[in-house]
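Take a look at the structure below.
None of the values given here were measured: they were computed from a predicted structure.
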Amino acid sequence: MCLICQKKRRETISLLETLGLLKQKHQTICEQCATQFASITLSCSGCGRQQEHNELCYDCCRWQNQGQLLLTHQALYVYNDAMHDYMQRYKFNGEYALRHVFNRQLIQAVQNIEIDLVVPIPVSQYTLLTRGFNQTLGLFEGLRYQQLLSVSQAKKTDQSRFNRQKRLTRAQPFVIANDISLSGQSVLLIDDVYTTGRTLYHAAELIYTLGAKNVKSLSLAR
């Protein structure tokens, strides 16, 4: 059954899959629903924004001018209407089963990046109590990671309530939860959605203080 529309799916199995010569692909959503999501093809080399070339976009040039080391962010999908509806149901309505929809793609994307350590963006204790889960950990379920960061306040205001300017000027919301040495290591930050990049850059700033050689990031949508 499709996890998005709840309709029964018709799966076709190839001859090679029937003979056991090719591993069967386990699809979580139907073809009709899958076509509603737009994969990012050509993007900004700094933030993963879908565009017609891979040169740095205006936002990334601004980050550089502010002295930030770019994250060379990767995102799998454009944050279109279908992705907005998906995140609303998964993240805010609590349809936790939807974490499976993109899980394999996200795990594969991480495996394709040369890194030593994966660090998820944390949520506050208040969010864990009210929502019941960290949406990023759900999306990347099965992936090994280290929880090096935590939210400095008991209640972290939901970013969706902020406009772009307020997001960009927010104070550092995180603290180091596990003070270990990351000397010479490459770290991958994972999150659900890249909007302005401010959250990920806040996290990266702290990871660099632990001695990391470089910090990259990955999200489901941009």
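A salt bridge links Arg198 to Glu205: at least one charged side-chain nitrogen sits closer than 4.0 Å to a carboxylate oxygen.
Here the side chain of Asn93 pairs no donor or acceptor atom with the backbone of Glu95 at under 3.5 angstrom. Side chain of Gln66 to main chain of Gln68: no donor-acceptor pair is present (N/O by atom type, distance under 3.5 Å, no hydrogens or angles). Listed for the Asn103 side chain is no donor-acceptor partner under 3.5 Å among the backbone atoms of Arg99. Arg131 places a side-chain N or O within 3.5 Å of a backbone atom of Lys91 that can act as its donor or acceptor partner. The backbone N or O of Glu55 lies less than 3.5 Å from a partner atom in the side chain of Gln51, making a donor-acceptor pair. Between the side chain of Thr130 and the backbone N or O of Tyr126 there is at least one donor-acceptor pair closer than 3.5 Å. When atom types are taken as modelled, the side chain of Gln50 and the backbone of Thr41 share a donor-acceptor pair closer than 3.5 angstrom. Using modelled atom types, no side-chain atom of Gln185 and backbone atom of Asp116 make a donor-acceptor pair closer than 3.5 Å. Side-chain atoms of Thr28 come within 3.5 Å of backbone atoms of Val101 as a donor-acceptor pair (strictly under, hydrogens ignored). With hydrogens and angles disregarded, no donor-acceptor distance shorter than 3.5 Å links the side chain of Ser217 to the backbone of Ile190.
Defined by atom type and a distance below 3.5 Å, a donor-acceptor pair is missing between the side-chain atoms of Ser219 and Asp191.
Applying the 6.0 Å contact sphere to CD of Glu31 captures no more than 12 heavy atoms from other residues, nucleotides or ligands. Within 6.0 Å of CD on Gln6 lie more than 12 heavy atoms contributed by other residues, nucleotides or ligands. Counting non-hydrogen atoms of other residues, nucleotides and ligands closer than 6.0 Å to OH of Tyr208 gives a total above 12. Within a 6.0 Å radius of CG in Asp81, no more than 12 heavy atoms belonging to other residues, nucleotides or ligands are found.
Side-chain atoms of Tyr77 and Gln105, non-hydrogen and from C-beta on, do get closer than 4.5 Å to each other. The shortest distance between side-chain heavy atoms of Gln74 and Ile113 falls below 4.5 Å. Two residues are said to be in side-chain contact when any heavy atoms from C-beta on lie closer than 4.5 Å; Met87 and Val193 meet this criterion. In this structure, Asn54 and Ser43 have side chains that are not in contact, with every pair of non-hydrogen atoms separated by 4.5 Å or more. A 4.5 Å side-chain heavy-atom check between Val123 and Gln135 finds at least one atom pair inside the cut-off. Counting only heavy atoms from C-beta outward, the side chains of Ile40 and Leu76 never approach each other to under 4.5 Å. In this structure, the side chains of Lys7 and Cys30 stay at 4.5 Å or more apart for every pair of heavy atoms. The closest side-chain heavy-atom distance from Leu148 to Leu210 is below 4.5 Å.
Ile29 and Met1 fall into different hydrophobic clusters, where Ile, Leu, Val, Met, Phe, Trp and Tyr residues are linked whenever their side-chain heavy atoms come under 4.5 Å apart, directly or through other members. Under the 4.5 Å side-chain contact rule for hydrophobic residues, Leu3 and Phe140 share a cluster. Hydrophobic clustering, with ILVMFWY side chains joined whenever heavy atoms are under 4.5 angstrom apart, groups Trp63 together with Ile207. Linking Ile, Leu, Val, Met, Phe, Trp and Tyr residues whenever their side-chain heavy atoms come within less than 4.5 Å places Tyr145 and Leu218 in a single cluster.
Closest of all the heavy-atom pairs between Val151 and Ser124 is CG2-N, 3.5 Å. Among all heavy-atom pairs drawn from Tyr86 and Leu220, the shortest one is CE2-CD2, 3.9 Å. A pairwise comparison of heavy atoms in Gln146 and Ile180 identifies OE1-CD1, 3.6 Å as the closest pair. Smallest separation of non-hydrogen atoms from Gln64 and Leu56: OE1-CD1, 3.4 Å. The shortest heavy-atom contact between His73 and Cys47 is CD2-O, 3.2 Å. Between Leu200 and Leu189, the shortest heavy-atom contact is O-CD1, 3.6 Å.
The distance from atom CG of Asn65 to atom SG of Cys60, rounded to the nearest 0.5 Å, is 11.0 Å. Here the CG-CD distance, from Asn112 to Gln108, works out to 4.5 Å after rounding to the nearest 0.5 Å. For the atom pair CG of Leu42 and CZ of Arg49, the computed distance is 13.5 Å after rounding to the nearest 0.5 Å. Rounded to the nearest 0.5 angstrom, Asp59 CG and Cys57 SG are separated by 4.5 Å. Distance check, rounded to the nearest 0.5 Å: CG of Leu206 to OG of Ser152 gives 9.5 Å. Note: Ile121 CD1 to Tyr194 OH = 11.5 Å, rounded to the nearest 0.5 Å.
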Are Leu117 and Leu188 close enough, and set up right, to give a side chain to side chain contact (heavy atoms under 4.5 Å, CB included), and what steps lead you there? CA-CA 6 Å; Leu117 186 68; Leu188 179 70; over 6 Å; no
Criterion side chain to side chain contact (heavy atoms under 4.5 Å, CB included) on Leu149 and Val175, from CA distance to verdict: CA-CA 6 Å; Leu149 304 174; Val175 293; over 6 Å; no
Pair Gln147, Asn178 - check side chain to side chain contact (heavy atoms under 4.5 Å, CB included), show working. CA-CA 7 Å; Gln147 192 72 69; Asn178 191 358; over 6 Å; no
Using side chain to side chain contact (heavy atoms under 4.5 Å, CB included), reason through Asn214 and Val187 one step at a time and then give a plain yes or no. CA-CA 6 Å; Asn214 61 69; Val187 177; over 6 Å; no
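Each of Leu139, Leu106, Leu137, Asn134 was evaluated against Asp192; a single residue qualifies, Leu139, per the side chain to side chain contact (heavy atoms under 4.5 Å, CB included) test.
Taking the six-membered ring for Trp and the full ring otherwise, Phe37 and Phe102 have centroids separated by under 6.0 Å. Note: Tyr96 and Phe133 meet the aromatic proximity criterion, with ring centroids under 6.0 Å apart.
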